[in-house]
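The structure under discussion appears below in the form of structure tokens.
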Number of protein chains: 2
Amino acid sequence: MKPDRLKRYSLLQELSSRGVRMTGQRKVLVELIQESEDHLDAATLLERARQRDPGINRATVYRTIELLKRLRLIDELDLMRLNGEKHFYEARTNVDHVHLACFECGKVEEFSSPLFERLKQEITRVNGFTIRVTRLEVGGRCRSCCAQVRTPIECGEETCCKSLKNLNC
Amino acid sequence: MKPDRLKRYSLLQELSSRGVRMTGQRKVLVELIQESEDHLDAATLLERARQRDPGINRATVYRTIELLKRLRLIDELDLMRLNGEKHFYEARTNVDHVHLACFECGKVEEFSSPLFERLKQEITRVNGFTIRVTRLEVGGRCRSCCAQVRTPIECGEETCCKSLKNLNC
DNA sequence: AATCAATTTGCAACTCGATGTCAACTGAAA
DNA sequence: TTTCAGTTGACATCGAGTTGCAAATTGATT
């Protein structure tokens with residue numbers, strides 16, 4: 001399933017329906033997360049927010065992220081530490097999905113599948129575990145990078161990670 | 001599948017077979033990771049290592065972790081930030097498995113399933129993605145906590161997270 | 001056993017994402 | 001419009017992880 005097939009929650013709507021106070025700063029931040037095509041980290045979010053409200057503070061960004069996370073309106077991602085320690089955020093979707101992070105080019109694809117839903121059901125059934133959040137991240141080499149690069153991914157090869165850091169590979 | 005059904009790689013063996021220089025510090029660290037029942041973070045690993053070799057340094061711990069990660073001999077986990085920003089490590093297993101982190105009691109269960117393997121195959125087939133590492137973490141409430149606690153997990157309830165921090169819930 | 005280049009370690013300073021504190025401010029209910 | 005709990009900005013602080021470099025160690029070679 002393509003990313004654009006995934007439905008994102010309307011954050012503003014959810015917030016107001018839950019009686020959360022809507023400040024100017026929150027509105028800007030929430031809109032940015034909602035609109036964003038890519039996965040935002042806190043620093044990028046701050047940077048973009050300052051273009052709309054120059055006075056906005058870093059702490060507010062983190063506090064808003066915290067709020068949205070607690071309300072389960074956004075998901076937090078690591079993207080296999082493709083870009084270091086940062087965390088990334090996205091508006092929640094109606095269906096959980098996998099993030100495929102390419103160690104070669106850094107691209108991140110999204111993928112959802114009924115198999116994932118079945119796996120979740122199995123977890124609940126077999127372990128008696130009530131699932132609240134899931135995070136499935138996969139690291140490797142995307143289709144176009146596989147086509148370009150001759151050498152297969154080899155364990156321990158220095159060459160396989162090239163310029164990227166913290167690859168887990 | 002129970003954790004003890006998962007086979008872990010023998011780290012020392014793998015390292016020597018790949019011609020990695022074996023220093024005293026590495027031996028201690030690698031043995032500790034191998035022996036450990038639970039998932040170790042860097043600080044805990046350092047602490048335990050110092051009981052065997054008091055002079056061992058923090059930087060060495062991180063460098064060894066980095067080495068093992070690059071050689072794909074250990075996996076890195078977040079455990080849904082159950083305990084803050086720390087990363088956790090475990091010797092790789094023959095089969096990928098899910099980590100189920102209970103937000104209530106902090107317990108971490110492991111679970112592997114053919115469905116997970118099928119999902120991985122599907123990812124490869126549909127997306128043309130060559131998988132190198134996977135990380136599937138699930139947060140929620142474990143069986144015994146579900147039995148104890150009356151209230152279901154509710155979005156935005158302050159009570160659902162209680163003393164634990166950074167719950168993503 | 002002694003030699004030696006290459007690798008690894010310890011140390012300490014540093015980076016950087018994230019959090020805590022507190023006075024000042026503000027959204028929205030009355 | 002007033003009121004005040006909730007929110008923000010400023011700034012200090014935290015803590016996990018990294019880095020540069022001199023000294024120490026490894027293990028292959030003689």
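Below, chain A is the first sequence line, B the second, and so on; all start at residue 1. Values below: all heavy atoms of this structure, side chains included; hydrogens, waters and symmetry mates excluded.
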Using the rule that two of Ile, Leu, Val, Met, Phe, Trp, Tyr join whenever any of their side-chain heavy atoms come within less than 4.5 Å, decide whether A/L67 and A/Y62 are in one cluster. no
Can you figure out which of [options] approaches the side chain of [X] most closely?
X	options	result
A/N57	C/dA28, D/dG9, D/dG27	D/dG9
B/R21	D/dT26, D/dT18, D/dG6	D/dT26
B/A59	D/dG27, D/dG9, D/dT19	D/dT19
A/H87	C/dT26, D/dT18, C/dA18	C/dA18
B/R63	D/dG9, C/dT9, C/dA18	C/dT9

I need the [atom1]-[atom2] distance between [X] and [N], as an integer number of Å.
X	N	atom1	atom2	answer
B/Q25	D/dA23	CD	C1'	13 Å
B/Y62	C/dC16	OH	C1'	13 Å
B/K27	D/dT26	NZ	P	12 Å
B/R58	C/dG10	CZ	P	13 Å
A/L46	D/dT8	CG	C1'	14 Å
A/L40	C/dG17	CG	C1'	16 Å
B/L15	D/dT26	CG	P	16 Å
B/D78	D/dA16	CG	C1'	12 Å

With a 4.0 Å cutoff (strictly under), does any side-chain N or O of A/T23 reach OP1 or OP2 of D/dT8?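 Indeed, a polar side-chain atom of A/T23 lies that close.
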Along DNA chain D (nearest heavy atom to each residue), the more 5'-positioned of B/K86 and A/T64: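 It is A/T64, whose closest nucleotide lies nearer the 5' terminus.
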Want to settle it: does B/M22 or B/D41 sit nearer the 5' end of DNA chain D, counting the closest nucleotide to each? B/D41
Would you name the heavy atoms of A/C102 and A/L82 that are closest together and state the gap between them?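 Looking at all heavy atoms of both residues, the shortest contact is O-CD1, 3.7 Å.
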Contact class for A/A42 vs. all strands (heavy atom < 4.0 Å): base, sugar-phosphate, or nothing?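 If one applies the 4.0 Å heavy-atom cut-off, A/A42 turns out to touch the sugar-phosphate alone, with no base involved.
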Remember a base hit wins even if backbone is also touched, and classify A/G24 as base, sugar-phosphate or nothing at under 4.0 Å, heavy atoms. nothing
The residue among B/L46, B/L32, B/L40 that forms side-chain contact (heavy atoms from CB on, under 4.5 Å) with B/V61 is B/L46
Could you go step by step and tell me if A/E117 and A/K120 meet the salt bridge (charged side-chain N to carboxylate O under 4.0 Å, His left out) rule? CA-CA 5 Å; A/E117 298 306 313; A/K120 283 162 57 186; 3.3 Å; yes
Hey, is B/K27 close enough to B/E31 for a salt bridge, meaning N to O under 4.0 Å?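 Yes, charged N to carboxylate O under 4.0 Å.
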